[in-house]
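Scope of the values below: all heavy atoms of this structure, side chains included, with no hydrogens, waters or symmetry mates. So you know, we letter chains A, B, ... as the sequences are listed, proteins then strands, and number each from 1.
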2 protein chains.
Amino acid sequence: MNEGVEWAVHSCLNLAWLGERAVPAARLAAFYELPAAYLNKQLQALARADILTSVSGPRGGFRLARPPEKVTLMDVVVAIDGDEPAFRCTEIRQRGGSGGGDADAYRKPCAIDAAMRKAELAWRRELAGQTVADVMTTVEHTNPGVPDKVRRWFDDTR
Amino acid sequence: MNEGVEWAVHSCLNLAWLGERAVPAARLAAFYELPAAYLNKQLQALARADILTSVSGPRGGFRLARPPEKVTLMDVVVAIDGDEPAFRCTEIRQRGGSGGGDADAYRKPCAIDAAMRKAELAWRRELAGQTVADVMTTVEHTNPGVPDKVRRWFDDTR
DNA sequence: GTTTCTCTACTCGGATAATGCATGTCCGAGTTTTTGAGG
DNA sequence: CCTCAAAAACTCGGACATGCATTATCCGAGTAGAGAAAC
């Protein structure tokens, strides 16, 4: 999976803690010492997926497009990694020695593809059940000082 | 995900239908018109994982190391793609502005990593619950002629 | 006819190139703020 | 002091290089089997 997914989710959490104001990509990148231009690329993808809204010019940046309860981890993963399944069936059963005879026997879906899709659906369901707000709650429970720490850092280096 | 996974599972099904005898990689590749040397590489990985046993020399090839009820799709995927998780947490929360203060605050696992791991565990559980024998049964139900067709093709082009 | 030895042909196995995608970087379009002059 | 305009600085946005993993390939080590010769 794309490494940018990790950066994107972390950035979403930070943006949620910072509230309404827009934060530039360079600032978000500096917080984790990440390559700024590349993180910008990922945030652009989140904006295209309507997870963030982007504001140009001075005092611009990115902000959450909707409350964190409405942003699932599935949304973020799809925005960064794309919605294509990890296992892509290329229908090799139709090629070579087995492919000649029954043309309509392949109307039924490939059983291997079905099994893989079933597993991937379970993965997607699990990701769709976890929102950014849920992750925020977990962090606030295990590390209560983090939200204030984030706010203070982004205020001090304004 | 690695495309070789698809080839590997199909080959496992065919080997199961063909019974005990060893089948060369070149023959299995010809059945789907796949690059022979590359499929050989994948089958080697399956052999290293004790899913197949390899036999050298004339009348050699690959055969299933154990009955198909004992081979899960998870085994095959791990053998080809490796057992590393799709989402790899690089602990960026410890870098940059947030990393300075509490060294032991990071004893607790990263919440994002936990959420991703939970989804991936569901995926793995689903794959581990499906065996090669299950997929065979599905195919025999939707396409009853396939097993005989496979056996005939591999016998004719001996 | 049986046994044994040699030779051949076939298969896996790992080492070796080529390609595609993820990673990383850069500069231009657009917009807001600022700032300065003029009224 | 207020208004207005122009310029400047800052931000996103997409186009442009680079590195590495997947894809693909090849040749050598080893082995089973066929075949011929000797008994």
Side-chain angles (χ1 to χ4, degrees), chain A residues 1-8 11 15 21-30 32-65 77-82 84 86-88 90 92 154 157-158, chain B residues 1-8 11 15 18 21-30 32-65 77 79-88 90 92 154 157-158:
Chain A
M1 180 185 307
N2 204 323
E3 185 179 3
V5 172
E6 185 184 5
W7 306 356
S11 296
L15 283 175
R21 65 168 168 176
V23 182
R27 193 70 43 84
L28 287 165
Y32 293 126
E33 289 178 352
L34 300 175
Y38 192 28
L39 178 64
N40 188 25
K41 197 182 183 63
Q42 316 292 348
L43 298 180
Q44 282 175 35
L46 293 182
R48 271 192 294 270
D50 288 325
I51 295 172
L52 304 183
T53 57
S54 64
V55 180
S56 289
R59 307 286 293 172
F62 292 92
R63 81 185 67 175
L64 279 180
V77 170
V78 166
I80 303 294
D81 242 34
E84 291 176 15
F87 179 88
R88 198 173 101 76
T90 61
I92 63 173
F154 278 88
T157 61
R158 179 189 319 227
Chain B
M1 182 185 307
N2 205 322
E3 186 179 4
V5 172
E6 186 184 6
W7 307 355
S11 297
L15 284 174
L18 290 176
R21 66 167 166 173
V23 182
R27 194 68 43 81
L28 287 166
Y32 292 125
E33 289 178 352
L34 300 175
Y38 192 30
L39 177 65
N40 188 25
K41 195 182 183 63
Q42 316 291 351
L43 299 180
Q44 283 174 34
L46 294 182
R48 270 193 294 271
D50 289 325
I51 295 173
L52 304 183
T53 56
S54 64
V55 180
S56 288
R59 307 287 294 170
F62 293 92
R63 81 184 68 176
L64 280 180
V77 170
I80 302 293
D81 241 33
D83 54 356
E84 290 176 15
F87 179 88
R88 198 175 99 74
T90 61
I92 62 174
F154 278 90
T157 61
R158 178 191 319 236

Legend entry - Presence of A:S54 side-chain N/O under 4.0 Å of D:dG13 phosphate oxygens OP1/OP2: yes
Inset, instruction - Could you tell me which non-hydrogen atom of B:A65 sits nearest to which non-hydrogen atom of B:T53, and how far apart they are? - result: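 Closest heavy-atom pair between B:A65 and B:T53: CB-CG2, 3.6 Å.
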Legend entry - For A:R63 against A:V55, the heavy-atom pair lying closest together: NH2-CG2, 3.7 Å
Return the value, rounded to whole Å, for the distance between atom [atom1] of [X] and atom [atom2] of [N].
X: A:Q44; N: D:dA15; atom1: CD; atom2: P; value: 10 Å
X: A:L39; N: D:dG13; atom1: CG; atom2: P; value: 13 Å
X: A:E3; N: C:dA22; atom1: CD; atom2: P; value: 13 Å
X: B:E84; N: D:dA21; atom1: CD; atom2: P; value: 10 Å
X: A:L28; N: D:dC12; atom1: CG; atom2: C1'; value: 13 Å
X: B:M1; N: D:dA21; atom1: CE; atom2: C1'; value: 16 Å
X: B:K41; N: D:dC27; atom1: NZ; atom2: P; value: 16 Å
X: A:I92; N: D:dT23; atom1: CD1; atom2: P; value: 13 Å

Legend entry - Partner of A:L43 by side chain to side chain contact (heavy atoms under 4.5 Å, CB included), out of A:P24, A:S54, A:S11: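 Result: among A:P24, A:S54, A:S11, A:S11 is the only option passing the side chain to side chain contact (heavy atoms under 4.5 Å, CB included) with A:L43.
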Which nucleotide sits closest to the side chain of [X]: [options]?
X: B:W7; options: C:dC12, D:dA24, C:dC10; value: D:dA24
X: B:N40; options: C:dG24, C:dG13, D:dT25; value: C:dG13
X: B:Y38; options: D:dT31, D:dT25, D:dA9; value: D:dT25
X: A:P24; options: D:dT22, C:dC12, D:dT11; value: D:dT11
X: B:R48; options: C:dG14, D:dA32, D:dC10; value: C:dG14
X: B:P35; options: C:dC12, D:dT22, D:dT25; value: D:dT25

Legend entry - Backbone of A:W7 reached by a side-chain donor or acceptor of A:Q42 within 3.5 Å: no
Inset, instruction - Without swapping roles, check the side chain of B:D81 against the backbone of B:N2 for a donor-acceptor pair under 3.5 Å. - result: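 Checking the backbone N and O of B:N2 against the side chain of B:D81, a donor-acceptor pair under 3.5 Å is found.
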Inset, instruction - Using the closest heavy atom to pick a nucleotide of DNA chain C for each, name whichever of A:P58 or B:G57 lands nearer the 5' end. - result: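 Taking each residue's closest nucleotide, the earlier one in sequence belongs to B:G57.
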Inset, instruction - Could you tell me whether A:A26 contacts a base, only the sugar-phosphate backbone, or nothing, with contacts defined as non-hydrogen atoms closer than 4.0 Å? - result: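 No contact.
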Inset, instruction - Name the nucleic acid region contacted by A:A22, choosing base, sugar-phosphate or nothing; use a 4.0 angstrom heavy-atom cut-off, strictly under. - result: nothing
